[in-house]
Amino acid sequence: MASDLGIDSLTTLLENEAPHLLEKREKKERREGLPLLKKAVKGKVVLRFAPNPNGPLSFGHARGIVINGSYAKEWDGELILRFDDTDTVVKPPLPSAYEQIPEEAEWLLGFKPHRIVIASDRIPHYYEHAEQMLSRDFGYVCQCSGEEFKEFRISKTNCPCRSNDVDKNLQLWGQMLDGTFVPGDAVVRVKTSMDLKNPALRDWPALRIQNTAEHPHPRKEIGSLYRVWPLLDFQSAVEDHLQGVTHIIRGKDLMDSTRKQTLLYEHFGWSYPETMYWGRVKVHEWGGFSTSQMRRDIEDGKFSGWDDPRLPTLSALRNRGITNQALRSFWEELGVTQKDISVPLSTLYSHNTKSIDDDAPRISFVRNPHQMKLIGTHQDSISVEVHPNHPERGKRNFSLLTSSVWIEKEDSKIPELRLKGFCDVKNVDGSAHIGSEERSDRRPIVHWLSNESSIDGVLLVPNAETIESLHGKLESHQYPIGTMVQIERIGYARVVDSSTLMFTHS
RNA sequence: GCUCGUAUAGUGUAGUGGCCCAUCAUAAAGGACUCUCAUUCCUUUGACCCGGGUUCAAAUCCCGGUACGAGCACCA
């Protein structure tokens, strides 16, 4: 048609017949930041981050905090920090985590979580819903063993307990509560259907009995108070509803959990929150660290504590000098895709460099120090800038009264070099013959320290297995503990004390 | 085995039928600036898992394959 009529007449035709077709489509905006939260209403969004307090937070937990926290902030909503501490036997909670986790979450977020919920404080609510479930006949007390039920699940057959009537179930429930039953004797199941396609969903267990006499809950106020405890899927489902959670964003390992919980919500007549999932993240340089494994290794003395700089815990990263800003932008950049990914640490480091470089005062540290006598005339002291991009921050002064300097052994092999900010020197038989004060050629520039302005110092470098202590000459300074500094020509570090630095990254 | 999910440069990520010979970041290489191997800036390198189908048009939709991951705990 176009070739017959020509493009102009075709355009005219369209203008008359269907002008909307000629409208230039808006150039699509490239999305920035996190994906749009579906069905979100400003001011009405409620999200939660629900760790098991069986240890302090790890690098991976940071994702849950950052992503949920960012959405809460974006939508003027609320972030709930919930302790899912309903297991006293397999992964028992760590008492100190109840204090540490909120503190770390606040550090990471820059604000306090709006609500803190502790599952072990909420057992009566879960009991109430369990009773409702039994009374309304969409749950039952099952006395089969785990093995027996596994057979039923595989063969898609109802277990005999499924046909208990309501009275029988309530009676058995009473026996679970009063101690007639011991762990393994009975469990409360949700009636879904035994021929559901996905075997994971078939009459899933909601509450079980724990031996809290032998394994009391670590929180003193709870201790051995309860014998019957909800499992994650039940506890989490009920609590999300009670708290009015609107959006759940979590790992895709919990996808089947969503499906289980949706079936429960249908029974109760509730509607399930919107959900999003992220995939597994591995950091190239770290293997698999599990909280329980780290806990054992710390107890065995393999690591000095949860903040041992070799560990991927939040406190360790913080201790090493990774900023909350770096962690936030790192996780926000990864977003919420369901892909399983492996990320190199350099990505995190690059975010960290961005967040600290502009603030970090420059400092010198001479590894393998090699002393050189200065030959020739020179000033009594030299001053160099604290930060080259910020002259207003002042100068660092190096006294030269004893005419001797420290440079790195490696650098001492170079015949002609320039002492940074000072002068050109020629290395003759281990002495530094002073040449031009102005930079006269392209000879290598090295950092140095004078005898009077340096002290014996240590640079701690965490490796996978060990923490290496590099001894050397450290520029005398008065920066408070925790200050992030840039060691000239080496990298970034955190001030541990006046003579010790913790290497962060290069 | 059953079930669910995901596949875009080295690594991450954007992209929901025409704006895409594909975005941004990071990495690597080169360069500018700089009295740090820093910061900042510039340039270059480099990708739609495979095979079919639907369509005028497919990274995008459908089917099949392959790979990887997860769940099927009286753990969270």
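So that the names make sense, note that chain A is the first sequence line, chain B the second, and so on, each numbered from 1.
- Close to B:A76, at under 4.0 Å from its OP1 or OP2, lies a side-chain N or O of A:Thr86.
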**Fill in**
Expected string for nucleotides 5-10 of chain B under the B/S/- scheme (protein heavy atoms, under 4.0 Å, primed atoms plus P, OP1, OP2 as sugar-phosphate) is BSSB--
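- If you check B:A76, B:C72, B:C35 against the side chain of A:Ala200, the one that comes closest is B:C72.
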**Asked** Starting at the 5' end of RNA chain B, what dot-bracket string do you get if Watson-Crick and G-U pairs under 3.5 Å are bracketed, crossing pairs use [ ], other-strand pairs use | and unpaired bases use dots?
**Response** (((((((..(((.....[.....)))((((((.......))))))...(((((..]....))))))))))))....
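- Going from the P atom of B:A29 to that of B:U39 covers 14 Å, rounded to whole Å.
- Residue contacts shown for A:Cys423 are absent, as no nucleic acid heavy atom lies under 4.0 Å away.
- A distance of about 13 Å separates the C1' atoms of B:U55 and B:U60, rounded to the whole Å.
- Shown here are the ring pair (Phe, Tyr, Trp, His ring centres under 6.0 Å) partners of A:Trp448, two or more places apart in sequence or in another chain: A:Phe398, A:Phe422.
- Scanning all heavy atoms of the two residues, the minimum distance from A:Pro102 to A:Leu81 falls at CA-CD2, 3.8 Å.
- Each of A:Leu334 and A:Val187 has a nearest nucleotide on RNA chain B; the 5'-most of these lies closest to A:Leu334.
- Side-chain N/O atoms of A:Ser355 and A:Thr323 include a donor and acceptor closer than 3.5 Å.
- Distance noted for atom C1' between B:C21 and B:A67: 28 Å (whole Å).
- When the P atom of B:C74 is taken as reference, atom CD of A:Glu151 falls 14 Å away, rounded to whole Å.
- The side chain of A:Pro199 sits closest to B:U3 out of B:G69, B:U3, B:C75.
- Rounded to a whole angstrom, the distance from the P atom of B:U16 to that of B:A28 is 32 Å.
- In this structure A:His247 satisfies the ring pair (Phe, Tyr, Trp, His ring centres under 6.0 Å) test with no other residue, sequence neighbours excluded.
- Considering only side-chain N and O atoms, A:Arg443 lies nowhere under 4.0 angstrom from the phosphate OP1 or OP2 of B:C35.
- Scored by the ring pair (Phe, Tyr, Trp, His ring centres under 6.0 Å) test, A:Tyr126 finds no partners at all (sequence neighbours excluded).
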Contacts under 3.5 angstrom, residues 89-98 of chain A side chains, donor-acceptor by atom type, not counting sequence neighbours:
residue: A:Tyr98; atom: OH; partner: A:Asp85; partner atom: OD2; Å: 2.5

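- Among residues two or more places apart in sequence or in another chain, the ring pair (Phe, Tyr, Trp, His ring centres under 6.0 Å) test is passed with A:Tyr479 by A:His477.
- Atom-to-atom, CD of A:Gln261 to P of B:G71 comes out at 15 Å; the value is rounded to the nearest Å.
- Listed by first and then second residue, the salt bridge (Lys or Arg N to Asp or Glu O under 4.0 Å) pairs that reach into residues 328-345 of chain A are A:Lys252-A:Asp340, sequence neighbours excluded.
- When the C1' atom is compared between B:A27 and B:U13, the two are found 14 Å apart, to the nearest whole Å.
- Using a 4.0 Å heavy-atom distance criterion, A:Ser292 is classed as making no nucleic acid contact.
- A:Gly279 comes within 4.0 angstrom of no nucleic acid atom, judged by non-hydrogen atoms across all strands.
- The stretch residues 224-236 of chain A comes close to RNA chain B through A:Leu231, A:Leu232, each having a heavy atom under 4.0 Å from the strand.
- Nucleotides B:A32 and B:G10, compared at atom C1', are 26 Å apart to the nearest Å.
- Between A:Glu147 atom CD and B:C74 atom P there is a gap of 10 Å when expressed in whole angstrom units.
- Taking atom CD of A:Glu385 as the reference point, atom P of B:C35 lies 10 Å away to the nearest angstrom.
- Listed by chain and residue number, A:Gln100 satisfy the side chain to side chain donor-acceptor pair (under 3.5 Å) test with A:Glu104 (two or more places apart in sequence, or in another chain).
- Screening A:Lys39, A:Arg250, A:Lys38 for a salt bridge (charged side-chain N to carboxylate O under 4.0 Å, His left out) with A:Glu274, the sole residue that qualifies is A:Lys39.
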**Message:** Using a 4.0 Å heavy-atom cut-off to protein, can you give one letter per nucleotide of nucleotides 36-46 of chain B, 5' to 3': B if the base is in contact, S if only the sugar-phosphate is, - if neither?
**Reply:** BBBB-------
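- Remark: A:Arg162 is not positioned above the aromatic ring of A:Phe152, lacking an NZ or CZ atom under 6.0 angstrom from the ring centre and at most 45 degrees off the axis.
- Using modelled atom types and a 3.5 Å distance limit, the side chains of A:Asn52 and A:Asp87 yield no donor-acceptor pair.
- Atom-to-atom, CZ of A:Arg250 to C1' of B:A70 comes out at 13 Å; the value is rounded to the nearest Å.
- If you take atom P in B:A9 and the same atom in B:G46, they sit 14 Å apart, rounded to whole Å.
- Toward the 5′ end of RNA chain B lies the nearest nucleotide of A:Val343, the other residue of the pair A:Val343 and A:Gln143 mapping further downstream.
- Residue A:Thr347 has its side chain nearest to B:U26 when only B:G71, B:A76, B:U26 are considered.
- Remark: the separation of the P atoms in B:G30 and B:A57 is 46 Å, to the nearest Å.
- Between the CZ atom of A:Arg202 and the P atom of B:C2 there is a distance of 12 Å, given to the nearest Å.
- When heavy atoms are screened at a 4.0 angstrom cut-off, A:Gly184 is found touching base atoms of the nucleic acid.
- Side-chain rings of A:Phe234 and A:Trp229 stay apart, their centers remaining 6.0 Å or farther from each other.
- Of all heavy-atom pairs between A:Arg208 and A:Thr86, the closest is NH1-O, 3.2 Å.
- In this structure, A:Glu437 reaches the bases: a heavy-atom distance under 4.0 Å links it to at least one base atom across the strands shown.
- The listed nucleotides are B:C75, B:C74, B:A14; the one nearest the side chain of A:Val90 is B:C75.
- Between A:Asp87 atom CG and B:C75 atom C1' the separation is 5 Å, expressed in whole Å.
- Rounded to whole Å, atom P of B:C2 lies 11 Å from atom NZ of A:Lys156.
- In this pair, A:His505 and A:Tyr492 present their aromatic rings tilted. The plane angle is within the 30 to 60° band.
- With sequence neighbours excluded, the residues satisfying salt bridge (charged side-chain N to carboxylate O under 4.0 Å, His left out) with A:Glu410 are A:Lys413.
- Applying the 6.0 Å contact sphere to NZ of A:Lys156 captures more than 12 heavy atoms from other residues, nucleotides or ligands.
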